[in-house]
Amino acid sequence: MRLILSTDPWNANYCTEGGQVIYKVESGPGLINRNMNISRVLPAGASEAQFRDVYELVAEIDYHYLGTSYIKYGGVNLAVKDFFRKGEFSFWGR
């Protein structure tokens, strides 16, 4: 599935090519420290909500520019460094 980023990554919708929002990122203010919520759309059921998008929280990110950032996913709070690490030094940076 190809997803299209609607705006900047801090507050964005990730949509299908047809325009259906699949994921939504909502971020609080701030540049050095920031909290982000990542939600996904729930399938429409046989209810009055079937004509509007309903979202469930997938993950929360506690972003720190200088300190350790954390991802809360599935009720577990993990350091970002456990998922991503910097590569080797090269001419183009790290």
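In what follows, every heavy atom counts, from backbone to side chain, and hydrogens, waters and symmetry copies are set aside. None of these values were measured; they are calculated from a predicted model. The first residue of the sequence shown is numbered 1, and numbering continues consecutively from there.
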Give, for atom CG of Leu78 and atom NZ of Lys72, the distance between the pair rounded to the nearest 0.5 Å. 11.0 Å
Report yes if the side chains of Val25 and Tyr14 come closer than 4.5 Å at any heavy-atom pair, otherwise no. yes
Which atom pairs, one a donor and one an acceptor, fall under 3.5 Å between side chains of residues 3-11 and the rest of the protein, sequence neighbours left out?
from  : atom 1 : to    : atom 2 : distance (Å)
Ser6  : OG     : Asn13 : N      : 2.8
Ser6  : OG     : Asn13 : O      : 3.1
Thr7  : OG1    : Asn11 : O      : 2.6
Asp8  : OD2    : Trp10 : N      : 3.0
Asp8  : OD2    : Asn11 : N      : 3.3
Asn11 : OD1    : Ser27 : N      : 2.7

Within this structure, what is the CD-CG distance for the pair Glu56 and Leu42, rounded to the nearest 0.5 Å? 4.5 Å
Determine, using the 4.5 Å side-chain heavy-atom cutoff (strictly less than), whether Leu66 and Tyr70 are members of one ILVMFWY cluster. no
Checking the side chain of Ser69 only, and the main-chain atoms of His64 only, is there a donor and an acceptor separated by less than 3.5 Å? yes
Roughly how far, to the nearest 0.5 Å, is the OH atom of Tyr55 from the CD atom of Glu26? 9.0 Å
Atom pair CD1 (Ile38) and CG (Leu57), whose distance is rounded to the nearest 0.5 Å: 8.5 Å
Please determine whether side-chain contact (heavy atoms from CB on, under 4.5 Å) holds for the pair Tyr73 and Val58, giving the CA-CA distance in whole Å, both sets of side-chain angles, and the decisive distance to 0.1 Å. CA-CA 7 Å; Tyr73 178 78; Val58 175; 3.7 Å; yes
Flag side-chain contact, heavy atom, 4.5 Å: Thr16 against Ile22: yes
With Ile71 as reference, evaluate Val80, Asp82, Val76 under the side chain to side chain contact (heavy atoms under 4.5 Å, CB included) test and give the passing residue. Val80
Measure the shortest side-chain to side-chain distance between Ile61 and Asn35 over non-hydrogen atoms and say whether it is less than 4.5 angstrom. no
